[in-house]
Participant: 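Take a look at this one; I'll ask things after.
Bear in mind the structure is a predicted one, so any value in this text is a computation, not a measurement. Naming convention: chains lettered A, B, ... in sequence-line order (proteins, then strands); numbering from 1 in each chain.
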Amino acid sequence: METNLAPLLPSAEVVLTALSVLLLDLFIRKDEKGLLVWISLIGLALAGGMALFLWGSHEGAFQDSILLDDFALFFTELFLGAAAITILSSVHYVRETNIHEGEFYALVLLSTFGMILMAAANDLILFFLGLETMSIGVYILTGMWRERSQASEAAMKYFLIGAFATGFLLYGIALIYGAAGSTHLGRIASALGQTKSHGSIILSAGVFLLFVGLAFKVAAVPFHFWVPDVYDGAPTPVSAFMAVAVKAAAFAGWARIFLYQLSPLQSEWTLPLKALAILTMTVGNLLAISQSSVKRMLAYSSIAHAGYLLIALVAGGESGGQALLFYLLSYAAMTFGAFGVLIALKEGENDHEAYSDFAGLGFKRPFLGMAMSLFMLSLAGFPPLAGFTGKFYLFRSAVVAGHIDLAIIGALNSLLSVVYYLRVIVMMYMEEGGAEGKPFARAPYLYLAIAIAVLGTVYLGVLPAPALDLSRISFISLH
Amino acid sequence: MMEQFGLLRFIPLIPLAGAALNILFGARLRPQFAGFLACGAVALSFLVSLAVFWLLPASGVFRDVLFIWIDSEPFKAQLSFQADALTAVMLLVITGIGLLIHVYSLGYMGDDEGMTRYFAYLNLFVFFMSLLVLADNLLLLFVGWEGVGLCSYLLIGFWYEDHTNTIAGNKAFIVNRIGDFGFLLGVLLLFWEMGRQGVWTLNFSELERAAHLLRPESVTLITLLFFAGATGKSAQIPLYVWLPDAMQGPTPVSALIHAATMVTAGVYMTARLHFLFSLAPATLAVIATIGALTAFFAATIAVAQNDIKRVLAYSTVSQLGYMFLAAGVGAFSAAIFHLFTHAFFKACLFLGSGSVIHALGGEQDMRKMGGLRRYLPTTYWTYLVAALVISGAPLTAGFFSKDQILWQAYASPNGSTQLWLLAWLTAGLTAFYMFRQLFMVFHGACRVAEPAKARLHESPAAMTVPLVLLALGSIFAGWLGTPDFMWGSVWDPWLQSVLGVQEAVDDAAPGGELFLMALTLGIAALGFLLAFLLYGRESRVAERIAATTIYRWLAHKYYVDEIYDCVFVRPFTACARWLAQIFDPGFIDGFVNGVASTIRAGSLSWRRIQSGDVQHYLFAFLAGTLLIFAYLLGR
């Protein structure tokens, strides 16, 4: 049999870049490390170009255990973009905290590689491999700021709970293998077709264990407790990377496994998933209100947004899939932006993450203030920004699928979220004092990242049609 | 026959770019440059409009699709523009007359500090107005509709240091909002009713194809709501009260927005949706009646005003009434024709009054003018021409377009003698108040106070050249649409592609139109004569008239503002005050704050479960898993 390596091109390019960064890191002087940023970015751009080139193809490799379709490519581009923005916004952060640059970038790239595998995996074993590659990278990234005990604590907690969750996931895969006789998603699906295994308790148990494992990764309540501690302790660019890319990867897997291959079983998990969505939204929003640190608030807000995204999974079908993909795009833009502004406030040892540090920012740093206002409004779901359009399609998919109650609870929840998002704007424009924020000249890369996020947030809100089409096409390509 | 024409988008986008540049960078530019930038932008727009006009095939439509705006199955709206004959005419008026007024503003606003802001608003207005007429669906039209309202508000209150200007701006905005609310309801109702027939669209051509599906009673309601919007924007009874107050803005703004273009938006909308209005005879009757009444009452009020711009404002209301009268009797083409000619002579009059005000250093009271023709010769001559045209002097634009309306009001199947009579009387009043004004301002003894008199001067070329051009236009624009017994109309056949062939007027008496024309000329001449006798010579009669009760009623505009104040404004503000000072802090705030503090308390107590201990987290994890499995087993 001829081995078709084309589907691996983008991910191979990412690994290659990671290895070159690691290797080069050994040979260059401290003040030349800026080179590594460029190599990483160029590598990511090349991989992005390849993915673009492969757009529209539908082919498998390694006995179909990896499948390159538009869905995988959509997520590949999303992960590559997320990695690029993460690197752009960490350049200055990394220098100020004495984190080793080479290792940092290489780990970001390697985790990205894991994510791409997750989105393209058509076999549970490969999916697990991708998930672990990604997770181990992120565990280390969390603890990279070694001088800070909080970071080490966060990394340890993340690792412990992550290992626990992995156990569930792996056990679930084993049970499914036992029931269906294969780990290949296609064959599992065809095994489902035979009535015998359909009602099998072993298969159901396996599916639900898989479900729990993924619920941990997307940070659904009650599997969410690690999120505030880990996001809070991790270096801020890593928090953003986790909030966007790791979550998106988990949702990619969820969509491919549950919304497509295992969709005949949908009626089994609809109710628990719905409960999970409601709990996640509500708890995330409720707890975000009483935070005094903006970074911790963003952590809870990311939990709440996972809840909104779960709505799309409950709704399922074409409209649910489209809404999921589109919302992930919008969510990526506004979340990266919000964390980016947080990074811009950091000065040396001082994090400046409290609400009070934002006081008067709108006048001291007009660009940062305006950008943060946009991100907050978008996260809260104000038109005409990305967050509004995204939520509109999410809730609409719920209504289309007959879950009007979910749409109503979702809308009430976004009302609740306005409280803590607007508080940031109130601080920035109606209070005085607070932190200064980096001027542009000191952090051009970071400002570039924030500007990209601003453009994305506005563009997806004002002209959503192209991105919506893209999301729909990508999701349909699963079938 | 639809044709793609990619240039269409530039007609609105160039002025938008001009406005954006002025807003963003205006502070760093020389103010003079801001003016040239704005003029250049509108000039380019005008050139593209000319190209559209020139290239447009007789029965064709140009389209320019930008992107899909709203995609929500089953409803889909594109952001796209279309230009047919009707739009092309409107575009020429907006950008052509708009350009002249931009140039005029260079002279008029030359020494104003807020020049950059002024030109940014003016360009923004041209953007929204061209958006309004280029829109190919109701939603986009509504964007333009609201946008021009916003610009009007901004420009009325342009000199915001003076509180009365701000109040006038507020009044205009609020009164317009009342109409807009009706309009919006109409759009929603139309959308809903069409949707019930399975046609989810707001696109004009699709609506036209599906209009017959609507039930008659819903068409009547929808069109009445649309007309409510038109009464706001186009200043008809009962919502005309904002327009005279809008004269607080700079005079070129009055000419452009409050005479030539924005206020005609209601007429345009009626013509654009003629296929709906034609299905609702009851609405048409209402429109014709309101139009005729507005024309007449506004003309009577204009007779007794002493502010030079207020006379013109009421005259505008009256002329808009004519247009609605025409639309109401089903003569949409005549309405648009009058809109077109009116734009010329009314802009000319306003700009002429602006020239007078400019020369007098801001004086607007006609009792303190007089004899100005010696000092302002160009202004005088153009003003005289425009006054003749609006009064309907033979062979001028106003003569032809007004004659068409009067004839249709009488002879069209929907017309009646009563409508014609009102319109006919209005024609006489128009001549009277226009020449009263002309005599008071330009003739007789000069009553200008001494220091101002010494500084009297003709305006600069930037102001007089547009005046001359507009005066020429006022004379010749009407030759496009002469009656059948002359060389006929090139206008009607051209607009027929959009507005459809009008029901033939009952031609029982071939000389009928000629006879009515003579009657109209007669009453106009009578009005002129009366004005000359009372105000053209040194006479005491005018003062005696001014002392009569009826004159006082007219001067106070029938006390309509006072009545509105008593009936609507005061109870409303009292109610609002009660809501704001008693109901809101006590009840609403109490409720909201109660909910907020409950949620906050809940949030704070829940926060404690985030203990920081991994054991607790894992326990929650396990508990969650067990719950899910309990569900699995208990199913």
Side-chain angles (χ1 to χ4, degrees), chain A residues 153 156-161 164-165 168 201 204-205 207-209 211-213 215-216 220-229 267-269 271-273 275-276 279 282-283 285-292 296 299-300 319 389 392-393 396 400 416 419-420 462-466 468-469 472, chain B residues 9 16 24 27 65-80 139-140 143 146 200 591-635:
Chain A
E153 183 193 329
M156 200 60 209
K157 274 185 188 165
Y158 192 18
F159 175 68
L160 276 177
I161 305 176
F164 192 68
F168 282 84
I201 189 77
S204 298
V207 167
F208 272 102
L209 285 171
F211 181 98
V212 168
F216 162 79
V221 177
F223 313 107
H224 73 286
F225 279 99
W226 58 280
V227 171
D229 293 2
S267 59
E268 296 217 5
W269 69 65
L271 202 66
L273 192 61
L276 218 60
L279 259 180
T282 315
V283 170
N285 278 321
L286 266 182
L287 289 185
I289 291 178
S290 56
Q291 301 305 320
S292 54
R296 241 179 135 74
Y300 279 106
S319 65
T389 321
F392 173 79
Y393 284 97
R396 185 166 164 270
V400 168
L416 203 59
V419 176
Y420 57 88
V462 179
L463 292 179
L468 275 168
D469 264 355
R472 206 191 65 245
Chain B
R9 68 186 65 174
L16 179 66
L24 291 176
V65 182
L66 271 77
F67 51 83
I68 294 171
W69 186 21
I70 295 167
D71 183 3
S72 166
E73 282 300 322
F75 176 66
K76 201 172 198 173
Q78 286 175 323
L79 202 121
S80 59
L139 225 48
L140 196 57
V143 174
E146 291 293 318
W200 293 100
F591 176 70
V592 171
N593 291 339
V595 170
S597 57
T598 314
I599 288 177
R600 181 166 287 275
S603 174
L604 279 169
S605 64
W606 269 69
R607 203 178 151 180
R608 288 198 205 104
I609 59 170
Q610 185 78 27
S611 60
D613 287 340
V614 181
Q615 293 92 317
H616 293 164
Y617 298 176
L618 290 179
F619 175 75
F621 196 119
L622 205 59
T625 314
L626 288 178
L627 266 178
I628 289 179
F629 269 84
Y631 164 79
L632 179 65
L633 293 172
R635 213 162 18 115

Participant: Between A:Ala205 and chain B, with a heavy-atom cut-off of 4.5 Å, which part of the residue counts as in contact: side chain, backbone, both or neither?
Facilitator: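 Both parts, backbone and side chain.
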
Participant: If you look at every heavy atom in A:Phe225 and B:Gln610, which pair is closest and at what distance?
Facilitator: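 For A:Phe225 and B:Gln610, the tightest heavy-atom pair comes out as O-NE2, 2.8 Å.
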
Participant: Are B:Tyr617 and A:Val227 packed together at the side-chain level, in the sense that at least one heavy-atom pair is separated by less than 4.5 angstrom?
Facilitator: no

Participant: Do B:Ile628 and A:Trp269 touch side chain to side chain, with heavy atoms closer than 4.5 Å?
Facilitator: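 In short, these two side chains do not touch, never coming nearer than 4.5 Å.
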
Participant: Given that the side chain runs from C-beta out, which part of B:Leu627 has a heavy atom under 4.5 Å from chain A: side chain, backbone, both or neither?
Facilitator: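 Contact with chain A is absent: no heavy atom of B:Leu627 under 4.5 Å.
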
Participant: Restricting to ring pair (Phe, Tyr, Trp, His ring centres under 6.0 Å), what partner residues turn up for A:Tyr158, sequence neighbours left out?
Facilitator: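 Ring pair (Phe, Tyr, Trp, His ring centres under 6.0 Å) list for A:Tyr158, sorted by chain: A:Tyr139, A:Trp226.
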
Participant: Looking only at heavy atoms, which two atoms of A:Leu286 and B:Ser603 are closest? And how far apart?
Facilitator: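 What the structure gives for the nearest pair is O-OG, 2.5 Å.
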
Participant: Got more than 12 heavy atoms from elsewhere within 6.0 Å of CZ, B:Phe619?
Facilitator: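 Not buried by this count: 12 neighbours or fewer within 6.0 Å.
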
Participant: If we define contacts as heavy-atom pairs under 4.5 Å, which of A:Val221, A:Val283, A:Leu209 has the most with chain B?
Facilitator: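 Greatest number of close heavy-atom pairs with chain B: A:Leu209.
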
Participant: Can you measure from CG (B:Leu632) to CD1 (A:Ile201) and round to the nearest 0.5 angstrom?
Facilitator: 4.5 Å

Participant: Please state whether the side chain, the backbone, both or neither of B:Leu604 comes within less than 4.5 Å of a heavy atom of chain A.
Facilitator: both

Participant: Within this structure, what is the CG-NZ distance for the pair B:Leu618 and A:Lys157, rounded to the nearest 0.5 Å?
Facilitator: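 Rounded to the nearest 0.5 Å, the CG-NZ separation comes out at 11.0 Å.
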
Participant: Which value, rounded to the nearest 0.5 Å, describes the distance between B:Leu622 atom CG and A:Phe223 atom CZ?
Facilitator: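 Rounded to the nearest 0.5 Å, the CG-CZ separation comes out at 9.5 Å.
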
Participant: Tell me, for A:Leu279 versus chain B, whether the close heavy atoms (under 4.5 Å) come from the side chain, the backbone, both or neither.
Facilitator: neither

Participant: Would you mind reporting whether B:Phe621 and A:Phe216 have side-chain heavy atoms less than 4.5 Å apart?
Facilitator: yes

Participant: Please classify the contact of B:Phe67 with chain A as side chain, backbone, both or neither, using a heavy-atom distance under 4.5 Å.
Facilitator: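 For B:Phe67, the contact with chain A is made by the side chain alone.
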
Participant: Does any backbone or side-chain atom of A:Leu468 lie under 4.5 Å from a heavy atom of chain B? Answer side chain, backbone, both or neither.
Facilitator: neither

Participant: Just verifying a value: how many Å separate B:Ile599 CD1 and A:Ile289 CD1, rounded to the nearest 0.5 Å?
Facilitator: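 Answer rounded to 0.5 Å: 5.5 Å.
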
Participant: Does A:Phe208 CZ have over 12 foreign heavy atoms under 6.0 Å away?
Facilitator: yes

Participant: Does any backbone or side-chain atom of A:Ala165 lie under 4.5 Å from a heavy atom of chain B? Answer side chain, backbone, both or neither.
Facilitator: both

